[in-house]
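Sending over a structure as structure tokens; questions will come in a sec.
Model, not experiment: these values are computed from the prediction.
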Amino acid sequence: QRLYTNTLLKALLPAVLTQVLYLIAFGQLMIKFEPELLQEECGMSTDDIAQNNWTPVIRCQNLKDYSGVAQISSGSLALAEMVLCVIISSASFVHATDSVGKMALCTRNRSWLFFVTVGIILVAVYLASALEAGTFNGLSWYFFVLATVFPFLGLLGNELIKRSERKHIQRAANFRRLQFETRLGMWSPK
């Protein structure tokens, strides 16, 4: 049961953080690419659009059937962020009980480093081909800050889970050692 709980927690944090970035990107890209639609369908004022206020956009029920440039671009950004979260989190999967801070990932596991580099290059190529022109200009500065920080928050969450796993593994090892020494003491000559 602990395995399932830890696996769920390790997967849930990057998924939730990616969804937050998707909502931010969708709201801001709708303002950038579809301001007239927002005024017609959502009743947004020109002040909200001028201030780049994206929260009314994500609350607008009339956009649930929307499929356009803003949705495709924000979905592409969310997919790329999810892949980056998984890539960065994979550093904690290299060794089950060792902390990332104690490992020299570049020297101990060159294959991991190679595939991380290939993964990041593939994400960059995907974004270059999938995003609409001007997408990055429509996003605010805090989107980029959050997109940079969120993968490392996922890694931190994995490290905290790994710490609790390490305690359980150590306790189980001590218990097995105690059982072995007890059995050995029962059968040893006196």
Going by chain and number, the hydrophobic cluster around L12 (ILVMFWY, side chain to side chain under 4.5 Å) further includes V16

How many angstroms lie between OG1 in T46 and CD in Q51, if you round to the nearest 0.5 Å?
9.5 Å

How about CZ on F152, more than 12 heavy atoms from neighbouring residues, nucleotides or ligands closer than 6.0 Å, or not?
no

Any chance you could measure F33, atom CZ, to S73, atom OG, to the nearest 0.5 Å?
5.5 Å

Worked check of side-chain hydrogen bond (donor to acceptor under 3.5 Å, both in side chains) between Q170 and N174:
CA-CA 6 Å; Q170 184 64 37; N174 289 342; 3.2 Å; yes

What pair of heavy atoms forms the shortest contact from A130 to S76, and how long is it?
CB-OG, 3.6 Å

Given a cutoff of under 4.5 Å between side-chain heavy atoms of I, L, V, M, F, W and Y, with clusters grown through shared members, what are the other residues clustered with F115?
F114, V118, L122

Tell me whether T135 contacts the main-chain N or O of L131 through its side chain, where contact means a donor paired with an acceptor under 3.5 Å.
no

Under 4.5 Å between side-chain heavy atoms, counting indirect links through other Ile/Leu/Val/Met/Phe/Trp/Tyr residues: same cluster for L156 and L84 or not?
no

side-chain hydrogen bond (donor to acceptor under 3.5 Å, both in side chains) evaluation trace for E81 with Y22
CA-CA 9 Å; E81 180 68 17; Y22 171 78; over 6 Å; no

The reported gap from CZ in F143 to CG in L29 (rounded to nearest 0.5 angstrom) is 7.5 Å

Contact check, side chains of P14 and M82, non-hydrogen atoms, under 4.5 Å
yes

Cluster question for you: counting only ILVMFWY and a side-chain heavy-atom cut-off of under 4.5 Å, with indirect links fine, are I24 and V149 together?
yes

Spatial distance of atom CD (Q28) from atom CG (N53) [nearest 0.5 Å]:
10.0 Å

Quick check: does any side chain N or O of Q71 sit under 3.5 Å from a backbone N or O of F26, one acting as donor and the other as acceptor?
no

Heavy atoms, side chains only, cut-off 4.5 Å: are T18 and C85 in contact?
yes

Polar side-chain atom of S129 near backbone of Y126 as donor-acceptor pair, under 3.5 Å:
yes

Would you say L38 and I31 make side-chain contact, with heavy atoms under 4.5 Å?
yes

Closest contact, heavy atoms only, N52 versus G138:
ND2-O, 4.4 Å

Give the cluster check for V69 versus I72: same hydrophobic cluster or not, with ILVMFWY residues linked at side-chain heavy-atom distances below 4.5 Å.
no

Got a second to check how far M30's CE is from L63's CG, nearest 0.5 Å?
4.5 Å

Taking N62 for the side chain and E41 for the main chain, is one N or O donor matched with an acceptor at less than 3.5 Å?
yes

Could you walk me through whether L77 and L127 satisfy the side chain to side chain contact (heavy atoms under 4.5 Å, CB included) test, starting with their C-alpha distance in whole Å, then the side-chain angles of each, then the deciding distance to 0.1 Å, before giving a yes or no?
CA-CA 7 Å; L77 287 169; L127 285 179; 4.1 Å; yes

Main chain of I87, side chain of S90: is a donor-acceptor contact present, judged purely on distance under 3.5 Å?
yes

OH/Y142: more than 12 non-hydrogen atoms of other groups inside 6.0 Å:
yes

Quick check: is Y4 connected to I161 through a chain of hydrophobic side chains (ILVMFWY, heavy atoms under 4.5 Å apart)?
no

State the CD-CD distance between Q39 and E34, to the nearest 0.5 angstrom.
12.0 Å

Would you say L17 and L153 make side-chain contact, with heavy atoms under 4.5 Å?
yes

When hydrophobic residues are tied together by side-chain contacts of less than 4.5 Å, even through go-betweens, does L23 share a cluster with L139?
yes

